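Below is one structure, written out as structure tokens; the observations come after it.
Note that this is a predicted model, so its numbers are computed, not measured.
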Amino acid sequence: MTIHSTSELLELAASHPQLAGALHAGENGSVEASAQGVELSSEYLAIYDLASYASSGAPAMSGVGEFGDEVGFEAKLKARDSATGQILSLPDLFATIRDDQQLVSLDRLARALHAINFFGQHRNGLLFLNVHERLLKSVRYDHGRYFSLVLLSFGLNPGRIVIEIPEAASAHKTFLGYLTKSYQSYGFKVAGNLSNAGQILSAAESRLDFVKIDTSAAIRDSMVKPLVGYANRLKVPLIFKRIRDEAQFRLLRQYDVRYVEGDYLSTLATDDHGPHDLSEWM
């Protein structure tokens with residue numbers, strides 16, 4: 001994989017018709033995008049491997065690089081109105097786009113933006129990228145082909161990117177199997193987002209690289225322990241996402257949950273006083 005700076009990747013993006021003119025230099029060396037009256041920027045939420053953390057003897061959960069290659073960051077899109085600067089709700093933003101091709105273009109632009117900022121800043125680990133449900137339905141076949149060509153033209157490795165399939169598509173076994181096979185054929189890893197615990201068996205049959213489930217839903221349905229057991233037997237990395245508070249985190253640790261993600265953890269890992277020692281939760 002070629003190592004480029006953010007500015008070099010921005011120059012390479014200028015040769016792509018759907019990216020040229022939309023991307024520009026932002027604050028603190030990052031890249032931002034302008035499209036359809038909104039300004040787009042990247043944020044990243046860490047995914048932690050608690051087992052690797054515990055075995056490493058690391059003093060603090062200050063980053064992801066020391067946890068190994070099977071963890072990374074989920075990219076989060078931040079949008080604001082170009083005229084007013086007001087922060088926009090992403091569901092509302094995408095809902096206002098009636099034309100499917102415009103939505104596909106915006107979704108692709110967002111993923112290119114995340115990749116440029118992630119790899120241009122030489123971050124470690126995997127990059128998890130969400131794909132909008134309407135893009136999956138609008139693109140008839142060869143899912144992953146366009147994005148893989150963009151990445152390869154940048155000298156970037158699709159194998160370091162995990163495409164996240166949304167809950168609605170993950171609920172359809174046949175469609176999920178097709179999407180997983182298609183994205184993997186272009187070098188990507190694939191994560192399925194489950195809306196309920198019962199979907200883990202069909203998800204495993206689709207040969208997903210990762211499975212993600214909402215922490216609150218798993219706790220509410222008393223499915224944390226069974227899910228961990230299923231995932232271990234099926235040998236599918238299971239990520240508990242959207243951890244909201246200490247109580248949820250402590251409960252997950254009781255059942256030896258390995259992969260975790262949530263705003264609470266990011267706040268805990270680094271606040272105004274610097275990284276925390278999380279040994280008391282281990």
Side-chain angles (χ1 to χ4, degrees), residues 1-4 9 12-13 16 18-19 42 44-47 49 64 68-77 103-194 202-213 234-239 241 259 261:
M1 186 176 78
T2 306
I3 300 177
H4 288 299
L9 290 172
L12 290 170
H16 292 270
Q18 290 194 19
L19 303 179
S42 301
Y44 300 95
L45 187 63
I47 299 170
D49 179 352
V64 173
D69 292 335
E70 290 191 348
V71 289
F73 294 83
E74 180 181 348
K76 299 289 188 179
L77 187 65
L103 183 139
V104 168
S105 296
L106 182 62
D107 200 56
R108 286 174 169 173
L109 174 62
R111 276 179 283 127
L113 172 70
H114 293 322
I116 288 172
N117 282 322
F118 184 85
F119 292 107
Q121 295 172 12
H122 306 151
R123 290 177 177 264
N124 295 314
L126 299 171
L127 172 60
F128 287 67
L129 294 177
N130 292 281
V131 178
H132 199 279
E133 176 77 16
R134 281 169 58 192
L135 178 142
L136 297 176
K137 294 179 179 178
S138 298
V139 176
R140 293 176 179 268
Y141 52 83
D142 277 344
H143 288 79
R145 179 177 179 274
Y146 170 83
F147 192 36
S148 69
L149 291 174
V150 171
L151 293 171
L152 292 172
S153 73
F154 291 168
L156 301 178
N157 178 13
R160 284 191 60 194
I161 290 181
V162 183
I163 299 295
E164 290 205 29
I165 308 300
E167 290 184 358
S170 296
H172 295 275
K173 180 179 177 181
T174 301
F175 192 32
L176 177 62
Y178 160 72
L179 291 172
T180 301
K181 184 177 181 180
S182 185
Y183 278 112
Q184 288 175 342
S185 72
Y186 289 105
F188 298 102
K189 295 177 175 61
V190 182
N193 284 273
L194 308 187
S202 60
E205 292 177 9
S206 299
R207 300 184 183 277
L208 290 164
D209 298 287
F210 293 90
V211 170
K212 302 182 77 173
I213 191 162
L234 298 170
K235 297 182 179 180
V236 179
L238 172 62
I239 300 170
K241 63 182 181 178
Y259 298 102
E261 173 188 11

**Asked** Rounded to the nearest 0.5 Å, what separation is found between the CG atom of L208 and the CD1 atom of I163?
**Response** 12.5 Å

**Complete:** Heavy atoms of L136 and H143 approach each other most closely as O-NE2, 2.8 Å

**Message:** Quick check for you: to the nearest 0.5 Å, what is the distance between L19 atom CG and L109 atom CG?
**Reply:** 6.5 Å

**Request:** Give, for atom CZ of R134 and atom CG of L103, the distance between the pair rounded to the nearest 0.5 Å.
**Result:** 4.5 Å

**Asked** Can you check side-chain contact (heavy atoms from CB on, under 4.5 Å) on I47 and F210, steps first, answer last?
**Response** CA-CA 12 Å; I47 299 170; F210 293 90; over 6 Å; no

**Prompt:** Taking atom CG of N193 and atom CG of N130, what is their separation to the nearest 0.5 Å?
**Reply:** 6.5 Å

**Message:** Against the six-membered ring of F73, is R123 placed for a cation-pi contact (under 6.0 Å from the centre, within 45° of the normal)?
**Reply:** yes

**Prompt:** What is the minimum heavy-atom distance between H16 and S153, and which atoms define it?
**Reply:** NE2-OG, 2.8 Å

**Asked** So, E74 and K212, do they make that salt bridge, N to O below 4.0 Å?
**Response** yes

**Message:** Using every non-hydrogen atom in the two residues, find where L152 and L156 come nearest and quote the distance to one decimal.
**Reply:** CD2-O, 3.8 Å

**Asked** Under a 4.5 Å cut-off applied to non-hydrogen side-chain atoms, are L45 and F128 in contact?
**Response** no

**Request:** Identify the heavy atoms of T180 and R207 that sit nearest to each other, and give their distance.
**Result:** CG2-O, 3.7 Å

**Asked** At their closest point, which heavy atom of L127 faces which heavy atom of A75, and how far apart are they?
**Response** CD1-CB, 4.0 Å

**Asked** Does the pair D209 and Q184 meet the rule for a side-chain contact (heavy atoms from CB on, under 4.5 Å), with working shown?
**Response** CA-CA 9 Å; D209 298 287; Q184 288 175 342; 3.0 Å; yes

**Item:** salt bridge (charged side-chain N to carboxylate O under 4.0 Å, His left out) against K137, all qualifying residues, sequence neighbours excluded
**Value:** E133

**Minimum-distance pair of heavy atoms, taken over all atoms of F188 and G144** = CE1-O, 3.4 Å

**Request:** Could you check L135 against R108 for side-chain contact (heavy atoms from CB on, under 4.5 Å), going step by step and ending with a plain yes or no?
**Result:** CA-CA 9 Å; L135 178 142; R108 286 174 169 173; 4.2 Å; yes

**Complete:** Residue set satisfying ring-ring contact (aromatic ring centres under 6.0 Å, His included) with F175, at least two apart, ordered chain then number -> none

**Gap between atom CG of L106 and atom CZ of R111 - 0.5 Å precision** = 10.5 Å

**Message:** Please determine whether side-chain contact (heavy atoms from CB on, under 4.5 Å) holds for the pair I161 and F118, giving the CA-CA distance in whole Å, both sets of side-chain angles, and the decisive distance to 0.1 Å.
**Reply:** CA-CA 10 Å; I161 290 181; F118 184 85; over 6 Å; no

**Request:** With rounding to the nearest 0.5 Å, note down the distance linking CZ in F147 to OH in Y183.
**Result:** 9.5 Å

**Item:** Pair F119 + F154: ring centers closer than 6.0 Å
**Value:** no

**Asked** Do I165 and L176 come within less than 4.5 Å of each other through their side chains, counting heavy atoms only?
**Response** yes

